There are 2 protein chains.
Amino acid sequence: MTKITKFKIGICQLKVTIEKNANISQARNLIHAAAEQGANLILLPEMWNCPYSADLFAEFAENLNDINSSPSSLMLSEVAYSLGVTIIGGSIPERDASSGRLYNTCCVFGSNGELKAKHRKIHLFDMGKPLPGDVHFKESDTFSAGEKPTVVETDFGCIGIGICHDLRFPELAILYRARGAHLICYPGAFNMSTGEALWELEQRTRAVDNQLYVATCSPCRDSAGSYMIWGHSTVVGPQMGEIIGTTGHEETVLIAEIDYAKIQLTRDSFSLENQRRDNVYRFIDLHQESP
Amino acid sequence: MTKITKFKIGICQLKVTIEKNANISQARNLIHAAAEQGANLILLPEMWNCPYSADLFAEFAENLNDINSSPSSLMLSEVAYSLGVTIIGGSIPERDASSGRLYNTCCVFGSNGELKAKHRKIHLFDMGKPLPGDVHFKESDTFSAGEKPTVVETDFGCIGIGICHDLRFPELAILYRARGAHLICYPGAFNMSTGEALWELEQRTRAVDNQLYVATCSPCRDSAGSYMIWGHSTVVGPQMGEIIGTTGHEETVLIAEIDYAKIQLTRDSFSLENQRRDNVYRFIDLHQESP
């Protein structure tokens, strides 16, 4: 199959409500809207089927070992196939059938509707003592952490997946670059303080430090739940961490053009990869042998 | 000796001329000005005794194995002692006496005038094919690269040293955090394009990703030589990569207050260190046994 290096990505900044069926239906609408505007690769937000609220995760969780029992996954699989698009399915709460544990999980569907990869959030968002005015949140009270990085080969390049707080760790992005990622997709729901201070900063740095594309997708601000979300889904380029497209905080579909030729152009002009000093420091990817 | 955790840092954004003696004299003036404004720790720019110009590095180079033969170091040692300040001496071209090689080297002087550490720039700035409109520069045509990271215990905390392009590598900052740095000082001379796009971005990200302070010091823009310098020396805090102090592009002394208590406050509120996943990735500091 010919790999496509220049294409449109569609970012669905969804308004998440308290009704799962309504969320599935509206996510489908936004995916259709993105495809109609020419998007071939479509990204959903973190927790797109469920408000970002610890007391709801168990109730909204689905079994992703058998996607026929997961209405959220069935919709993504069906719409990927019917529209012929690749979908990075944000995340939903997953209940592991064997252990009963909950995970914050992203499913990736190819344009033939197949489930290509499943990424469980590796870095859970656990606050310690809150600073004055800060929200308190401890994700590990509810979720278990994923144990493996996820890089997936798609028709639209080699894509690394991180979920929200995974963005805060340069190590994961370094690891994805080393595994050949062209693009890292981070569904995320930063809050108002980290959103304003760090959301764009971290995306831009991951892109320039690793000379690749970064795309983020957040739920919109007036999603259900007490957790106030920053929004501002964004696509960043490899050369100077340039903003290729971004949004405000309302529900919207962002379309941005990605051209992987710019990655090689950037690396030819200036290869950070070749300038790393592996006699000074070395970075070990512990799952590299069994991705 | 009691370690001081709250103090003023003085950043000397020097105008570098073609006359080495004038540079030494003016650097001394700015160090005096910083000390008069209460600075206890003083940072100079990259290449403060020499224009940033490849054809001048050999001519301006000094032997730092014997600081009595280095007029630039003698001034720093003398002024550190006479004012009772700690000086992170930016960088100058060093000629290694035994190999004859040139290095881009930072010397650190304690308040008793002793040379405490010497950091040779680890990541040399080597451009490949220039992008349209970009400056061309290949530092390794002139300089050899340093082989060791540098963390130095001072009266004003544990300080990691990087020089300019060293800032672009998240690995070095991760290594300094792991070695216990409170502050990373990066003397640097970013150019106009990387300056505008990346200088502040990278400083802020190194600070927030590692929950420590970052200080940078650049020569001022109208320094001698054809290389146009961005300026904008800056001090960044650990909590949200907050800008504590910054400058424009003219010659100036920036005074900023550092309070290491904020590092612990930030880490208590949210410990990125404890959230790293050493069963997923691991980072090896190859000189850790012999710093």
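Labels below follow one simple rule: chain letters A, B, ... track the order of the sequence lines, proteins then strands, and each chain is numbered from 1. Remember, predicted model here, so these are calculated numbers, not experimental data.
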* Determine, stepwise, if the pair B/Ile161 / B/Ile88 fulfils side chain to side chain contact (heavy atoms under 4.5 Å, CB included). => CA-CA 9 Å; B/Ile161 312 288; B/Ile88 313 291; 3.6 Å; yes

* **Residue pair B/Thr105, B/His119: steps toward the side chain to side chain contact (heavy atoms under 4.5 Å, CB included) verdict** => CA-CA 5 Å; B/Thr105 304; B/His119 177 78; over 6 Å; no

* Check the pair A/Glu94, A/Lys118 against salt bridge (charged side-chain N to carboxylate O under 4.0 Å, His left out), reporting the backbone distance first and the verdict last. => CA-CA 10 Å; A/Glu94 172 194 7; A/Lys118 209 172 78 171; 3.2 Å; yes

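Your options are B/Arg168, B/Arg282, B/His165, and the one with the most heavy-atom pairs under 4.5 Å with chain A is B/Arg282. In terms of heavy-atom pairs under 4.5 Å with chain B, the best-connected choice from A/Arg267, A/His123, A/Glu196 is A/His123.
Under a 4.0 Å N-O distance rule, the pair B/Asp209/A/Arg206 qualifies as a salt bridge. Taking 4.0 Å as the cut-off between side-chain N and carboxylate O, A/Asp166 and A/Lys121 do not count as a salt-bridged pair. Residues B/Arg177 and B/Glu273 are paired through a salt bridge, judged by an N-O separation under 4.0 Å between the basic side chain and the carboxylate.
At a 4.5 Å heavy-atom cutoff, the contact between A/Thr205 and chain B is made by backbone and side-chain atoms alike. Proximity to chain B is limited to the side chain of A/Leu175, based on heavy atoms less than 4.5 angstrom apart. For A/Asn274, no part sits under 4.5 Å from any heavy atom of chain B, backbone or side chain. With a 4.5 Å cut-off on non-hydrogen atoms, A/Leu124 touches chain B through its backbone but not through its side chain. Heavy atoms of A/Arg276 lying under 4.5 Å from chain B belong to its backbone as well as its side chain. Only the side chain of A/Leu198 comes within less than 4.5 Å of a heavy atom of chain B; its backbone N, CA, C and O stay farther away.
For the residue pair B/Glu46 / B/Asn104, a side-chain donor-acceptor distance below 3.5 Å is found, with atom types taken as modelled. Residues A/Glu147 and B/Asn279 bring a donor and an acceptor atom of their side chains to less than 3.5 Å of each other. Using modelled atom types, one finds a donor on one side chain and an acceptor on the other under 3.5 Å when comparing A/Tyr52 with A/Glu139.
Of residues 211-219 of chain B, not one residue has a non-hydrogen atom less than 4.5 Å from any non-hydrogen atom of chain A.
For A/Phe190 and A/Trp199, the ring centers sit closer than 6.0 Å to each other.
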